Amino acid sequence: MNEDSRRLANFRVHLVPAVLALANPPWQRDVWLDSSTFENLDHVFHTLFDDFCDADKPEGYLGTSLRTEEEVALMRELGAALNAAADEVPNDTNAEYLQAAAWPEVVDIAGRLAQVMVGNDLGELAALHEPKAGA
């Protein structure tokens with residue numbers, strides 16, 4: 001595995017779970033609304049907008065944390081939906097986000113993005129186990 005592949009894998013080990021969490025309302029209620037858990041929506045926002053991607057401008061992360069143009073387009077949609085939800089949340093609490101009128105769109109887009117990302121990752125894993133030509 002070369003250095004670029006290692007970096008992509010390292011970024012995605014953080015990014016994919018954040019997207020999966022956004023696609024899973026029962027998880028959101030069970031984890032983000034429980035103050036005793038480590039993970040919260042703030043962690044997800046940092047993962048998507050600061051640490052491993054920029055959901056406002058994901059094009060720069062193609063090949064770094066996003067595998068395809070489809071992932072880039074869906075991440076851009078997700079960023080816009082998250083920003084729309086943030087505009088409805090005066091006190092920036094997890095509970096307010098989950099009640100925002102824009103939240104179902106966040107969940108929908110995250111679900112589509114999660115499906116694409118996991119499918120792309122599984123394809124990459126399968127390719128690692130294919131016999132090399134001429135071998």
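Since the structure is predicted, the reported quantities are computational estimates derived from the model, not experimental observations.
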Distance-only donor-acceptor hits, side chain of residues 77-91, under 3.5 Å, sequence neighbours excluded:
residue : atom : partner : partner atom : Å
Glu77   : OE1  : Arg112  : NH2          : 3.4
Asn83   : ND2  : Asp56   : OD1          : 2.7
Asn83   : ND2  : Gly79   : O            : 3.1
Glu88   : OE1  : Ala101  : N            : 2.6
Glu88   : OE2  : Ala102  : N            : 3.0
Asn91   : ND2  : Glu96   : OE2          : 3.1

So [Y] and [X], do their side chains get closer than 4.5 Å, heavy atoms only?
X: Thr47; Y: Cys53; result: no
X: Asp54; Y: Met75; result: no
X: Leu8; Y: Thr64; result: no
X: Arg76; Y: Glu59; result: yes
X: Met117; Y: Arg12; result: yes
X: Leu48; Y: Leu22; result: yes
X: Leu41; Y: Thr93; result: no

Could you grab the distance from atom [atom1] of [X] to atom [atom2] of [Y], nearest 0.5 Å is fine?
X: Asp42; Y: Asp92; atom1: CG; atom2: CG; value: 7.0 Å
X: Leu113; Y: Glu70; atom1: CG; atom2: CD; value: 9.0 Å
X: Gln115; Y: Leu74; atom1: CD; atom2: CG; value: 10.0 Å
X: His43; Y: His14; atom1: NE2; atom2: NE2; value: 8.0 Å
X: Ser65; Y: Glu71; atom1: OG; atom2: CD; value: 8.5 Å
X: Asp108; Y: Glu105; atom1: CG; atom2: CD; value: 7.5 Å

### Task
Give a yes or no on this: more than 12 heavy atoms of other residues, nucleotides or ligands lie within 6.0 Å of atom CD of Gln99.
no

### Query
More than 12 foreign heavy atoms under 6.0 Å from CD of Glu39: is that the case here?
yes

Would a hydrophobic clustering, with Ile, Leu, Val, Met, Phe, Trp and Tyr connected at side-chain separations under 4.5 Å, put [X] with [Y]?
X: Leu122; Y: Val13; answer: no
X: Val116; Y: Val118; answer: yes
X: Trp27; Y: Val106; answer: yes

### Task
Examine the side chains of Asp34 and Thr37 and answer whether a donor and an acceptor come within less than 3.5 Å of each other.
no

### Query
Short question: side chain of Gln28, backbone of Ala21 - any donor-acceptor pair under 3.5 Å?
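Pair found, side chain donor or acceptor close to backbone of Ala21.
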
#### Entry: Side-chain donor or acceptor of Asn94 paired with backbone N/O of Trp32 under 3.5 Å
yes

### Message
Once you measure the plane-to-plane angle for Phe45 and Tyr97, does it fall in the parallel (<30°), tilted (30-60°) or perpendicular (>60°) bin?
### Response
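Judged by the thresholds at 30° and 60°, the geometry between Phe45 and Tyr97 is tilted.
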
### Task
For Leu20 and Ala114, work out which heavy atoms get closest and say how close.
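Closest approach of Leu20 to Ala114, heavy atoms only: CD2-CB, 3.6 Å.
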
